[in-house]
There are 2 protein chains.
Amino acid sequence: MKKHLKKVDLKNVKLNAGLLAQKNKLVRKEVIPYQWQALNDELPDTEPSHAVENFKIAAGRSEGEFQGMVFQDSDVAKWLEAVAYQLTVNSDPELEKRADEVIDLIGEAQQEDGYLNTYFIVKEPEMKWKNLAECHELYCAGHLIEAAVAYYKATGKDKFLNIMQKNADLIESKFGPEADKLKGYPGHQEIELALIKLYEVSGKEKYRDLAKFFIDQRGKDPFYFDQEWEERGKIDHWDDFHQNVKRDYYQAHAPVREQKAAAGHAVRALYMYSGMADVARVTGDQSLIGACKQLWDNTTSKQIYITGGTGSSVQGESFTFDYDLPNDTAYTETCAAVALVFFAQRMLHLEKKGEYADIMEKALYNGALSGMSQNGKRFFYVNPLEVQPEVCEQREDHKHVKPTRQKWFGCACCPPNLARLLASIGSYIYSQNEEQLFVNLYADNQSEFEFKGQNVEVSQKTNYPWDEEIEIKLKAEKEVEFELALRIPGWCRKAALQLNGKNIDLTEIIEAGYAKIKRKWQKDRIKLILKMPVEKIYANPEVREDIGKVSLQRGPIVYALEEIDNGKNLPAVYLADDAELKAEYKEDLLGGVTVVKGSAYKLDKDSFGSSLYSTQKPEFKQIEIQAVPYYTWDNRESGEMLVWLNRKI
Amino acid sequence: MKKHLKKVDLKNVKLNAGLLAQKNKLVRKEVIPYQWQALNDELPDTEPSHAVENFKIAAGRSEGEFQGMVFQDSDVAKWLEAVAYQLTVNSDPELEKRADEVIDLIGEAQQEDGYLNTYFIVKEPEMKWKNLAECHELYCAGHLIEAAVAYYKATGKDKFLNIMQKNADLIESKFGPEADKLKGYPGHQEIELALIKLYEVSGKEKYRDLAKFFIDQRGKDPFYFDQEWEERGKIDHWDDFHQNVKRDYYQAHAPVREQKAAAGHAVRALYMYSGMADVARVTGDQSLIGACKQLWDNTTSKQIYITGGTGSSVQGESFTFDYDLPNDTAYTETCAAVALVFFAQRMLHLEKKGEYADIMEKALYNGALSGMSQNGKRFFYVNPLEVQPEVCEQREDHKHVKPTRQKWFGCACCPPNLARLLASIGSYIYSQNEEQLFVNLYADNQSEFEFKGQNVEVSQKTNYPWDEEIEIKLKAEKEVEFELALRIPGWCRKAALQLNGKNIDLTEIIEAGYAKIKRKWQKDRIKLILKMPVEKIYANPEVREDIGKVSLQRGPIVYALEEIDNGKNLPAVYLADDAELKAEYKEDLLGGVTVVKGSAYKLDKDSFGSSLYSTQKPEFKQIEIQAVPYYTWDNRESGEMLVWLNRKI
């Protein structure tokens, strides 16, 4: 069996042009500076973050009270992580200096024993490690560790890494199987992933073992969060949190290997599954691999929206049950789409199957990208598939759905999470082991890999996802053998491949969603065509909210109707099964996107009159529709939006 | 102009057979004894009511604490009112004795000055009249007054009436325009209707004036409920109630004459509109009549479900905005349908238009009757138009929708409210003034009216709403002239009328929904045929939840599909626009009902396979459906239910 794939070094992948490059550049040019302003309370008309100020207070540089969420530190961490990824690829001395200053500040805030969490340092020092369930202590540590690893890899500077190793060592001294240690685990998973990164960068097995401990510990009886609650005198951080929250919210309803369906808070769940996949990969634990597959299958074949969004309920921001996918009350947090990208990449690195990359691509281009505006300064936390602004504003059960992108959030987890994903997106394009190079995503880029001691330059020339054609060039000093695996996406029903001008029969070389060519490479040219007709996609009739409906997709991009293009009352639009739809690239629209156009029908309210109910059928009128990529919605004008159209059947 | 119509005396209408007679008898035989058990905490496995016990404690007969809702007294009041209506028509010495004992108890509980509310007597005597917003003091008084008037009319005994007059006199001494009186009004409307009944039975204008005061006072600035909250030291009865509840919840967002749309808590609203119509009728206040019409129009042409249910949101149990009528999260409280029957009858008595009786009939046969099971011992509080049990059980935003009828409720307003309506349903069939007899509802009955000093016997022979034919006989000693107005329902597109065997051209005699025959009557026979084909009903395309859907109606009865007849996944059922549907009376089903049968289609999940999303369309299979009257759902087996089917278009 060939070896597991691994993430490639971000610094070896340079994005040139196209959608992912645009978004990556947007993060560098706009999002990182904007979020720096947010973290420093410099944005007008938004709830102050206070996140940097909290560190200053903890460091003794400022006087004052801790403010913001108990997990406010993580916003700084995610910002630093995004900065690190940018610095990996693009030198920016001024930004690096700013980051170094923040790291100095973090170092000053750290306590003698390695403890580092501004909430507990400033506000409740006596409550350290006593409320794992609610207080995100390990979650914040995890984000800081991820940032530290990223910063070390980006700059080679180890100050931040040392700070966080010291912190991780403290945590390791508090938690573990030994009799004198706490048996708890994070209320919000995250440190599991971080500890594996720290293990991989440091080689210290204790970090891996601690990650495994946290995963193995979850779901055991008696319930740790009951115990700690009793022990701390039944004090809640959030009003009545302990009594109102069920065990599955934290994925602690059963040991992870016994969990059969995605459950509870979606971001917690997907972070945990990602951590499980990491631990499974580095330990080879087969039962854990099995659990990952089970939870992957349930998530992606029963509980996922067509946009890659997950978490269909605002209550607990959570997974619910199979096929329960309401479009207008969907929660589908941006962070959950980001987390699904993480999970998908990890599953691909456990098992070389295109379905993982398919979901990674779907979540990235739809449910994740939708979280950030064209200008990088407005955000969605919730990403519904149907919006009626009047309903969102007036119905309490839709209040979580904002019909317009927001400047910032009191709970600001999503914007910096998306920033760190997009800043590091280059590292999702390829995966590698000693013998194989997997091309998972298509994007115009120039990259370098090493096979058998030889440098191989690989470049992609494409305007994917708008164009069907990808040109890939490989260049090496001397010829070198390895297997190149090109993903043939699940959405693609017709693909063609040329190697150095010669057609290759794909049917013979496709294996689990990748076209594999093993040969000696030196100076070679590949042309891959992934046909992208506009597709009508139907949902399983078990999804009651999509019955009789159809959505539009082209390549990996899911489309939506917006009021600005199609008028009001979008739910009255019908598409005939045989409707001809055409794709049209519009350079000046929304940063350059392909739109979908065609004829459709609309129930005509004028034909019905003013009655509320009548025996007279409302008639149809013909209309022309234009659909835009789902991720671009609400970038021009606030209004209705709809992904699933009625079928005229 | 002819005089206003008035309610006829219940004692003059004897129901013989048919659906309304069945339900009326059910209340007498089952519901009243069952609810008596409930009020006395004799039902196993249900939350204890404690309602009778509270009176015993207030009367000093028992020791203990007040328990239950702050408005628990009203459950006893509504039970007594239902008992009174039954005693009006059916002598039952044992029941009357029990009622007399309860009345004795109420009298003992009443305080020296006339005060009567067990919550405040037992629990918070210092808070009397200080929290009108939340504590239902005037609401409970209203229900007791209504019961007292009904009991006086039923039995001629005036003890209860005297108790409640004394109580009303106390209230009148506390509230009013005079400088030394409180300027408040009820947090839950109800006493307005009761005071008009008390005015009409006593002739005392002060009760009428107090009702008018309460109505005129509402919506004035400064907001009374703010003032009293400040004055009582910002104490809430319900957690954070004052700060969480907006003025429109109490219909206090504007003076009633300026209110343009039904708003806020639906039962409060419809009780208020009913009270407004009463006050308008007895005062002739034109501006109030205008307000009633405005609110009627909005309610019934923009915010009503096809079942006659209103209140589309659980949040505040409230009206929302025009065309916002979700089927699966509908609140549509049974009490709101009952209240709409009240409002409709009052509007009819303000203005002789069939549309009022149409809505009265719709709400009665659908949204109200659905609140009680076939055996009178299980109840719905919420009456949705679509139910998926799994969704109700697992989704927080559907938690208010119970997929199965309940034994009783902690807040038990609905069961006794429906009982008092059905016990008095005879008084809704006809309306009368000196010159006219209006037949509003069709039901097998024998009745007596007086015109110009002469007794006229009127009988209906019919199995309406299952049969299309109604035979009406009139009999008088001597011939007597009056106008007989027979309602030709709005749902009826083809009607025929014979008078003494001779066809009458309806087009010439129909006026505002009533066929009017003015003549001298002595011994006459009318045959009215209201054709009842199964109708497909469509909603205005502005109702986004009903777009592309169709519901089935026959006569006044709205139909629903149930899982027990049609299998699972009802939302996948499609009906062709040209589907032939036939009605079939089933004597042994659900107490004897007409079902609707026909061919339909269903999206076949087997044709789709196990994918969640696919480019392959799910196919249809043909199925046979059976729809049952909406009000009968969940009487056989718990399961899915659906009113609005997909149109195959």
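Per chain, numbering begins at 1; letters A, B, ... match sequence-line order.
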- Item | Which atoms of B/K648 approach chain A - backbone, side chain, both or neither, heavy atom under 4.5 Å | both
- Query: Between B/S312, B/S610, B/A576, which residue shows the highest count of heavy-atom pairs closer than 4.5 Å to chain A?
  - Reply: B/S312
- Message: What part of A/D604 gets within 4.5 angstrom of chain B, counting heavy atoms only: side chain, backbone, both, or neither?
- Response: backbone
- Note on the structure: Answer key: most heavy-atom pairs under 4.5 Å with chain A among B/L603, B/D328, B/T615 is B/T615
- Contact part of A/Q616 toward chain B, heavy-atom cut-off under 4.5 Å: side chain, backbone, both or neither? backbone
- Pick one of side chain, backbone, both or neither for B/K568, based on which atoms fall under 4.5 Å of a heavy atom in chain A. neither
- Answer with side chain, backbone, both or neither: which region of B/S301 has an atom nearer than 4.5 Å to a non-hydrogen atom of chain A? backbone
- Task: Give a yes or no on this: more than 12 heavy atoms of other residues, nucleotides or ligands lie within 6.0 Å of atom NZ of B/K399.
- Result: yes
- Nearest heavy-atom pair of A/Y613 and B/I537: which atoms, and what distance? CB-CG2, 3.8 Å
- Note on the structure: Assert top hit (heavy-atom pairs under 4.5 Å, partner chain B, pool A/K536, A/E535, A/K302, A/E390) equals A/E390
- Query: Got A/R647 and B/K617 here, is their nearest side-chain heavy-atom distance under 4.5 Å?
  - Reply: yes
- Does atom NZ of B/K260 have more than 12 heavy-atom neighbours, drawn from other residues, nucleotides or ligands, at distances under 6.0 Å? yes
- Task: For the pair B/N540 (side chain) and A/F608 (backbone), establish whether a donor and an acceptor sit closer than 3.5 Å, ignoring hydrogens and angles.
- Result: no
- Contacting moiety of A/E542, where chain B heavy atoms sit under 4.5 Å: both
- Item | Value rounded to 0.5 Å, distance of CZ in B/R544 from CD in A/E386 | 7.5 Å
- Message: Between B/V391 and chain A, with a heavy-atom cut-off of 4.5 Å, which part of the residue counts as in contact: side chain, backbone, both or neither?
- Response: both
- Message: Which heavy atom of A/I649 sits nearest to which heavy atom of B/F620, and what is that distance?
- Response: CD1-CZ, 3.3 Å
- Note on the structure: Rounded to the nearest 0.5 angstrom, the OG-CZ distance for B/S313 and A/R395 is 4.5 Å
- Task: Measure across B/A539 and A/P618 and return the closest heavy-atom pair with its distance rounded to 0.1 Å.
- Result: O-CG, 4.4 Å
- Query: Checking heavy atoms, do the side chain of B/Y323, its backbone, both or neither come under 4.5 Å from chain A?
  - Reply: side chain
- Message: Using heavy-atom distances under 4.5 Å, tell me whether B/I304 contacts chain A through its side chain, its backbone, both, or neither.
- Response: both
- Message: So which residue, A/T320, A/D324, A/D397, A/N646, ends up with the most heavy-atom pairs under 4.5 Å with chain B?
- Response: A/D324
- Inspect the surroundings of CD in B/E580 and state if more than 12 heavy atoms from other residues, nucleotides or ligands are less than 6.0 Å away. no
- Query: Which one of A/S318, A/S551, A/S611 has the most heavy-atom pairs closer than 4.5 Å to chain B?
  - Reply: A/S611
- Grab the two heavy atoms, one from A/L612 and one from B/Q303, that are nearest each other, plus how far apart they are. CD2-N, 4.3 Å
- Query: Under a 4.5 Å heavy-atom cutoff, which of A/A572, A/P571, A/S614, A/G609 has the most pairs with chain B?
  - Reply: A/S614
- Looking at A/S607, A/G548, A/G316, which makes the most heavy-atom pairs under 4.5 Å with chain B? A/G548
